[in-house]
Amino acid sequence: MSASNILIVGCGDIGIPLGLQLAGKGHAVWGLRRSGQLPEPITTLNADVTNAASLACLAGLRFDYVVVTLTPGEFSDQRYQAVYVEGLANVLAALNNPGAVKRLLFVSSTSVYHQGDGQWVDETSATEPGSFSGRRLLEAERIAADSIMPHCVIRFAGIYGPGRRRLIEQVKAGQGCPPSPPLMTNRIHRDDCVGFLAHLILLDSQQQAMENCYIGVDSEPVALWEVKTWLAQQLGIDSKTLDTSGTTRRNSKRCSNARLLATGYHLRYRGYQQGYGELLREEE
C-alpha cells in the first residue's frame with residue numbers, strides 16, 4: 001500500500017489508535033479534534049465540527065481518505081443533530097478537494113435498526129429507528145451517501161475496551177438486568193473497531209471491491225444477562241445478588257458480521273469472554 005494522506009475527524013479512543021496504526025505504516029495522518037494535542041506523528045488540527053468557521057484549518061490540505069468517528073458529548077437529540085448531521089455536513093463542505101478523496105468512511109451505529117424481537121439483522125435489513133439517536137445517525141449516513149466521494153458506513157455496536165468499561169462497572173455496582181425475556185446484545189472490542197477501519201482503508205487502496213455498508217460486531221450475539229452473570233463470576237460476585245429490576249428495555253436483535261468476515265478481516269476478539277477477560281486480567 002502506497003503512502004496516503006488520511007484525515008481522522010474525531011480523535012478519541014478509536015481515532016487516536018487508528019491514527020497511530022496508520023502512521024506506523026508510513027501514512028501521513030491528520031487528526032481533527034476540538035482541543036488538545038494529539039500524539040506524534042499525528043498532525044493535530046483543532047476545530048469544532050459544529051462551528052463551520054473553525055474548519056478553515058482544512059483549507060489547502062488534500063486527503064486520500066477521510067475517516068469520521070464523532071462523539072456527541074451528551075445523549076440528546078440536539079447534540080446528535082449538531083454533531084452527526086450538521087457536523088458531518090460542515091466537514092464535507094470544508095474539504096478543499098473532495099473529488100480527490102478515494103473513500104469517506106463514516107462510523108455509525110446499529111441503533112439505526114428498529115428490530116426488537118431477537119431476530120437477525122444484516123446490512124440489507126430495514127432501518128426504521130424509533131430513537132432520536134438512530135434517526136440522526138441514519139440522517140448522517142444519507143449525507144455521506146449523497147456526497148461526491150465514494151463512501152462506506154460502518155455500523156458498530158456495543159464498543160468496549162480500554163476506557164469503555166460500562167458493563168464491568170455496572171456489575172461491580174450490583175446492577176444486573178432481567179434474565180427473561182432475554183435482551184440480545186451485540187458488541188465489538190475497541191481494538192477490532194480500529195483494526196477493521198484500517199483493514200477497509202487497505203482494501204480500498206488495493207482497489208479491492210468494497211460494500212458501502214458494514215455492520216461492525218463480533219461473532220457472538222448474546223443475552224445481556226449471560227454477559228453480566230459471567231462478569232460477576234469473574235469478579236467474584238454472586239450473580240444472585242445482582243439487581244434484576246428497573247432495566248430499561250432496549251431493542252433486542254442479533255447483528256450478523258458475515259459481510260465483515262467476508263472482507264478477510266480476522267477478529268482479534270471473537271466474543272465477549274475473550275475481550276472482557278483481557279480487560280479484567282489487566283486489573284489484576
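These values consider heavy atoms only, across backbone and side chains, with no hydrogens, waters or symmetry-generated copies. The structure displayed is predicted, hence computed values, not measured ones.
- Val217 and Val194 are members of different hydrophobic clusters when ILVMFWY side chains are connected at heavy-atom separations under 4.5 Å.
- Within the structure, ring pair (Phe, Tyr, Trp, His ring centres under 6.0 Å) pairs that include any residue of residues 202-223 comprise Phe196-Tyr214 (at least two apart or interchain).
- Applying the 6.0 Å contact sphere to CD of Glu40 captures no more than 12 heavy atoms from other residues, nucleotides or ligands.
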Discussion item. Run the side chain to side chain contact (heavy atoms under 4.5 Å, CB included) test on Asn5 and Trp30 for me, step by step, so that the C-alpha distance in whole Å, both residues' side-chain angles and the decisive distance to 0.1 Å come before the verdict.
Written reply: CA-CA 8 Å; Asn5 291 346; Trp30 286 257; 3.7 Å; yes
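- The backbone N or O of Cys177 lies less than 3.5 Å from no partner atom in the side chain of Thr244, so there is not a single donor-acceptor pair.
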Review item, side-chain donor-acceptor pairs of residues 97-112, under 3.5 Å, at least two apart:
residue : atom : partner : partner atom : Å
Arg103  : NE   : Asp204  : OD1          : 3.0
Arg103  : NH1  : His151  : O            : 3.0
Arg103  : NH2  : Asp204  : OD1          : 2.9
Ser108  : OG   : Glu141  : OE2          : 2.7
Ser109  : OG   : Ser111  : N            : 3.0
Ser109  : OG   : Ser111  : OG           : 3.2

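- No side-chain heavy atom of Ile201 sits under 4.5 Å from any side-chain heavy atom of His27.
- By the 4.0 Å N-to-carboxylate-O rule, Glu139 lies close enough to Arg136 to be salt-bridged with it.
- Look at Asp13 and Arg190 and you find no salt bridge, because none of the NZ, NE, NH1 or NH2 atoms lies under 4.0 Å from a carboxylate O.
- Residue pairs meeting the ring pair (Phe, Tyr, Trp, His ring centres under 6.0 Å) criterion with at least one member in residues 152-176, sequence neighbours excluded, are Tyr160-His189, Tyr160-Tyr276.
- Checked for salt-bridge contact, Asp64 and Arg62 meet the test: a charged N lies under 4.0 Å from a carboxylate O.
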Discussion item. With side chain to side chain contact (heavy atoms under 4.5 Å, CB included) as the criterion, how do Ile215 and Asn186 come out once you've worked through the C-alpha distance, each side chain's angles and the decisive distance to 0.1 Å?
Written reply: CA-CA 10 Å; Ile215 290 177; Asn186 308 267; over 6 Å; no
